[in-house]
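These notes concern the structure reproduced below.
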Amino acid sequence: MTKKQQYKVTTRLVHGPEHSAKWDFSHHVTPPLSSSTTYRLDSAKRGARGFQEFGQLVTDAGETPVYIYDRLDEPTRSILEGELAEIEQGESCVSFASGMAAISAALGCTLKSGDEVIAHSVLYGCTHSLFENWYPRQGIGVKRVDMNALAAVRAAVNEHTRVLYFESPVNPSLELIDIRALRKLVDELNAGRADDRRLLIFIDSTFATPFGQRPLGLGADVVLHSLTKNLGGFGTELGGAVICPKSMHARLLLYRKDFGGILSSKAAWAILVYGLPTLPLRLKRQQFTARKVAAWLEKHSCVARVMYPGLPSFPQRELAQHQLVDFDGDFAPGNMIYFELDSARAEPEAFIDALAHSAYSVTLAVSLGHTKTLIELPSTMTHSSYGKRGGAVRLSIGLESPSDIINDLKAALAAVAKSEKKPAKSPTPRANGAKARSSP
Ligand SMILES: Cc1ncc(COP(=O)(O)O)c(C=O)c1O
């Protein structure tokens, strides 16, 4: 066990590697931001060696690798990847320019024409679009199944199936997929399959972050993240990551080199220096607030249903308590809330417009895992690729005071609530579009 490994994850996220072959760590306090597109090679031999060794896993213990060109590998990004692999308890990590770049690369270097993927029925809108718009053109089959219906998953698997793909918690419904149960099924199904045809479990764990869930320990093979969300945390960088077995590492690097979707070193640096060290702090605060907001929403007469893993009413409460666990072993229900308004009492679009016009602490914007509380309507925004209308609302809790968020939500609901005497009235936009502080 190294000295670093004797410390809690929260501390390790603040301090990062004790020593790294990727950079002179003994003389830096903050990880360095490298900004070279290309690297001096000294000799033809060194240049050849760099290309020859490309794809090898760089550890903190070994010799400094020969860096050649930013699109192949570079130090800041590589240090971030080491940290992400470690907190996910994985063997290796490859980062990408965005969450979608990570998802398409992990699937792209696993699947070929003729293969099939089985994906959960509800997914983030762009992942849905990837499967529906692009995979048919590439001759890759996609079956959509409820991943908690194990009999249906078993029935959907055939000799062409390679990947079971899902998010947990699911965006936007917050439903959980039972990872251990799927592992059991996949082990059974893999018993008769050749090594290179084994079924693999891919999970997009963006909603939980490694703070709230470590899927590899529960039985997943590959973990995907959008670093744009809570891992970055401040809404300033796009990024994505694949945490995978060593056996997949070189292929993913090759894919990234040839398709070109690299994470910029500047984005990697911000995630490494600001995002990771503050992850537990932000998540703990956001969860504290999310519990209060969810409980308040559940009692409101305009709200028909609230989905939040931290509520006693959450339908998969027991699974949530087993699967969503933080670095210290505490329940980690996360910062995302999904709720439906009672359409007889309030229209979701009017409610969202009222917030957009009047709220200060709640911002109408897509994305999630931000310092600011963000609200959106998935059916017409992030999940519009499904082409379905529906009134549920997705709320990503930020770092504001819980009472301010509740007061802004309360004021917006009051502004649009339908009464029997008075028909619903749309809020009047402020003349200059300026935001107003909420009235308590
Ligand atoms: C669950 C999930 N996965 C992946 C993505 C894609 O991430 P990015 O926007 O970084 O490409 C998102 C984006 O919202 C998401 O919510």
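In each ligand, atom 1 is the first atom listed, and ligand 1 is the first ligand listed.
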Check your understanding: Salt-bridged, Asp70 to Lys257, with N to O below 4.0 Å?
Key ->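 Judged by the 4.0 Å cut-off on N to carboxylate O distance, Asp70 and Lys257 do not form a salt bridge.
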Do Arg197 and Glu159 meet the salt-bridge criterion of a basic N to acidic O distance under 4.0 Å?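 Salt bridge flag = no for Arg197 with Glu159.
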Could you go through ligand 1 and note, for every N or O atom, any protein N or O atom closer than 3.5 angstrom, writing the atom names and distance to 0.1 Å, or 'none'?
{"residue": "ligand 1", "atom": "3 (N)", "partner": "Asp204", "partner atom": "OD2", "Å": "2.5"}
{"residue": "ligand 1", "atom": "7 (O)", "partner": "Ser226", "partner atom": "OG", "Å": "3.1"}
{"residue": "ligand 1", "atom": "10 (O)", "partner": "Gly99", "partner atom": "N", "Å": "2.8"}
{"residue": "ligand 1", "atom": "10 (O)", "partner": "Ser226", "partner atom": "OG", "Å": "2.8"}
{"residue": "ligand 1", "atom": "10 (O)", "partner": "Thr228", "partner atom": "OG1", "Å": "2.6"}
{"residue": "ligand 1", "atom": "11 (O)", "partner": "Gly99", "partner atom": "N", "Å": "3.0"}
{"residue": "ligand 1", "atom": "11 (O)", "partner": "Met100", "partner atom": "N", "Å": "2.8"}
{"residue": "ligand 1", "atom": "14 (O)", "partner": "Lys229", "partner atom": "NZ", "Å": "3.1"}
{"residue": "ligand 1", "atom": "16 (O)", "partner": "Asn171", "partner atom": "ND2", "Å": "2.9"}

Over 60° means perpendicular and under 30° means parallel, so classify the ring planes of Tyr39 and Tyr67, tilted if in between.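 Answer is tilted, since the angle falls between 30° and 60°.
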Hey, mind stepping through Ser36 and Ser34 against side-chain hydrogen bond (donor to acceptor under 3.5 Å, both in side chains) and telling me if it holds?
CA-CA 6 Å; Ser36 278; Ser34 112; 5.8 Å; no
>> Is it the case that atom CD in Glu349 sees more than 12 heavy atoms from other parts of the structure closer than 6.0 Å?
In response: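 No, because the 6.0 Å sphere around CD of Glu349 holds 12 heavy atoms or fewer from other groups.
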| Looking at residues at least two apart in the chain, or sitting in another chain, which of them share a ring-ring contact (aromatic ring centres under 6.0 Å, His included) with His249? |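 Result, ring-ring contact (aromatic ring centres under 6.0 Å, His included) vs His249: none returned.
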